[in-house]
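Data block below; observations after.
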Amino acid sequence: MAAQPQDNPDPDAGWSLPAWIYYDAEWFAAECARVMRPSWQIVCHLNDIPNPGDWQTLEFLGESIIVIRGDDGLPRAFANVCRHRGSRILDGAAGCAKKLVCPYHAWVYELDGRLSGVPMKSSYPGLDPARHGLAPIELEVWRGFLFVRLAPGLPSVADMMAPWDAQVAPYRFEEMQPLAPPRTRPRAVNWKNLCDNYSDNLHILPAHPGLRRMFGPNYVTKAAEWSDWLGGPLQEPGKGASWSERAYHRLLPPVAHLPADRQKHWWYIKLWPNIAFDIYADQIDFMQFLPTGPTTTALREISYALPDDRREMRAARYANARVNRLVNAEDTELVARVQAGMQSALFTVGPLSETEVCLRSFAAKLRRILPEARLHHPPAPGWSRRHLQGA
């Protein structure tokens with residue numbers, strides 16, 4: 001798909017982002033403030049917290065975020081920080097609680113965040129419990145998934161995903177159940193490196209033999225304003241297909257709620273800036289590329305599916321996992337190569353093909369938010385101060 005013409009074309013549209021922003025510490029601080037804090041991040045699905053008091057946490061940009069189901073059935077998001085002395089309240093990734101009790105001084109919070117218990121309350125003259133509840137964090141539910149953000153600035157998740165929402169609808173995301181707890185793995189690369197690789201269409205043929213055999217010429221990419229579409233229909237296994245590829249094609253049973261053209265169709269949505277959905281007839285996966293430093297990222301992922309006890313479906317999911325385990329191993333090696341190359345003094349930017357519409361779109365958005373991304377070399381120290389003020 002060729003890049004769409006614009007009224008004010010980006011003069012850098014044919015070029016990648018500069019290498020220095022993949023490892024520079026000052027850039028990373030500006031990026032966290034202007035790109036990441038306003039971004040929507042998945043914490044979990046409503047079906048991960050089905051009962052009052054069920055909670056899950058997300059560690060993001062130094063913040064610990066709680067999403068919890070209230071006694072009224074509503075999900076809410078709060079900072080996992082006591083309003084007394086700043087202690088973390090909950091430990092771990094998930095749990096259930098009747099009340100949230102700080103382990104430091106036993107301040108008590110209700111499931112809706114209200115401060116309801118303060119030991120020796122009379123010794124705090126003028127303390128207004130109504131003003132000292134847990135700090136709320138903005139939350140949006142999109143098709144069952146719970147998104148949070150630390151600062152305003154982007155459209156709603158629903159608006160950002162709108163170009164593909166009609167295609168998502170038949171998959172019944174809202175009814176899906178987790179297949180396992182979230183898994184987080186460290187990666188010694190910049191988060192954009194992982195995003196670029198996910199959206200890169202040109203590496204499928206040379207670097208992923210399994211996907212090349214499964215998609216053939218059917219893999220396409222499309223870029224919308226805030227989200228990308230990748231993928232296509234799978235072809236029949238041919239010569240050289242692995243056991244997992246053949247098994248998936250042979251064993252995947254019909255999925256009654258999906259149209260015929262989506263029965264054997266793998267596609268992906270990349271949501272700005274760092275979230276990806278892998279969408280299959282048998283299950284969906286999401287991935288987050290959570291920045292932890294200029295050259296480190298936490299890869300967080302989990303799979304969801306509709307309840308289906310058919311043996312063929314269980315076998316197809318196993319084959320799917322085997323195929324994608326190999327793809328992930330291949331990508332891990334590829335991004336390590338790129339990260340090493342980005343830190344070479346002899347590389348600045350590279351040309352982008354007109355077919356690399358997702359990479360062009362990602363780079364254009366980043367350049368709009370942080371114009372310094374147009375520079376091939378880092379500016380003088382202190383340049384980021386204006387981006388950090390008020391962030």
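Everything numeric in this text was worked out from a predicted model, so none of it was measured. Count residues from 1 along the sequence.
- Following chains of ILVMFWY side-chain contacts shorter than 4.5 Å, one cannot reach Tyr23 starting from Leu334, and the two form parts of different hydrophobic clusters.
- Between Tyr268 and Tyr280, the ring planes are perpendicular. Angles over 60° get that label, and only those under 30° would be called parallel.
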Taking distance alone, no hydrogens or angles, what donor-acceptor pairs closer than 3.5 Å link side-chain atoms of residues 47-55 to residues at least two apart or in another chain?
unit_1, atom_1, unit_2, atom_2, d
Asn47, ND2, Glu174, O, 3.3
Asn47, ND2, Met176, O, 2.7
Asp48, OD2, His45, N, 2.8
Asp48, OD2, Tyr304, OH, 2.5
Asp54, OD2, Asn51, N, 2.8

Just distance, no hydrogens or angles: give the donor-acceptor pairs under 3.5 Å from side chains in residues 146-157, sequence neighbours left out.
unit_1, atom_1, unit_2, atom_2, d
Arg149, NE, Glu138, OE1, 2.8
Arg149, NH1, Leu154, O, 2.8
Arg149, NH2, Glu138, OE1, 3.4
Arg149, NH2, Glu138, OE2, 3.2
Ser156, OG, Asp159, N, 3.0
Ser156, OG, Asp159, OD2, 3.3

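- For the pair Gly133 and Arg83, the tightest heavy-atom approach, listed with the atom from each and the gap, is O-NH1, 2.6 Å.
- Between the side chains of Tyr22 and Asp196, at least one donor-acceptor pair of N or O atoms lies under 3.5 Å.
- For the side chain to side chain contact (heavy atoms under 4.5 Å, CB included) with Ile65, the qualifying choice from Leu139, Ile137, Val81 is Ile137, the only one to do so.
- No more than 12 heavy atoms of other residues, nucleotides or ligands lie within 6.0 Å of CZ in Arg337, so this atom counts as exposed by the packing criterion.
- Counting side-chain heavy-atom gaps under 4.5 Å among Ile, Leu, Val, Met, Phe, Trp and Tyr, the cluster of Leu352 also holds Leu359.
- Applying the side-chain hydrogen bond (donor to acceptor under 3.5 Å, both in side chains) test to pairs two or more places apart or on separate chains, those with a residue in residues 245-255 are Arg213-Glu245, Ser242-Glu245, Tyr248-Trp266, Tyr248-Asp282.
- Here the closest non-hydrogen pair linking Gly341 and Phe347 is O-CB, 3.9 Å.
- With hydrogens and angles left out, the side-chain atoms of Ser227 and Trp164 include a donor and acceptor closer than 3.5 Å.
- Residues Glu63 and Asn80 bring no donor and acceptor atom of their side chains to less than 3.5 Å of each other.
- Scanning both residues, Cys195 and Phe362, for their nearest heavy atoms gives CB-CE1, 4.3 Å.
- Closest heavy-atom contact between Asn190 and Ile21: ND2-O, 4.0 Å.
- Pairs of residues two or more places apart, or lying in two chains, that qualify as side-chain hydrogen bond (donor to acceptor under 3.5 Å, both in side chains) and include a residue from residues 117-136 are His84-Tyr124.
- Between Phe277 and Phe145, the gap from one ring centroid to the other is short of 6.0 Å.
- Nearest heavy-atom pair across Pro103 and Ile89 is CD-O, 3.6 Å.
- Closest heavy-atom contact between Arg367 and Ala373: CG-CB, 3.8 Å.
- Under the 30°/60° scheme for interplanar angles, the aromatic rings of Tyr109 and Trp107 are found to be tilted.
- Crowding of Asp91 atom CG: a count of heavy atoms from other residues, nucleotides or ligands under 6.0 Å not exceeding 12.
- The other members of the hydrophobic cluster of Trp243, by chain and number, are Tyr318 (side-chain heavy atoms under 4.5 Å, ILVMFWY only).
- Hydrophobic clustering (ILVMFWY, side-chain heavy atoms < 4.5 Å, transitive): Leu258 and Leu234 are in one cluster.
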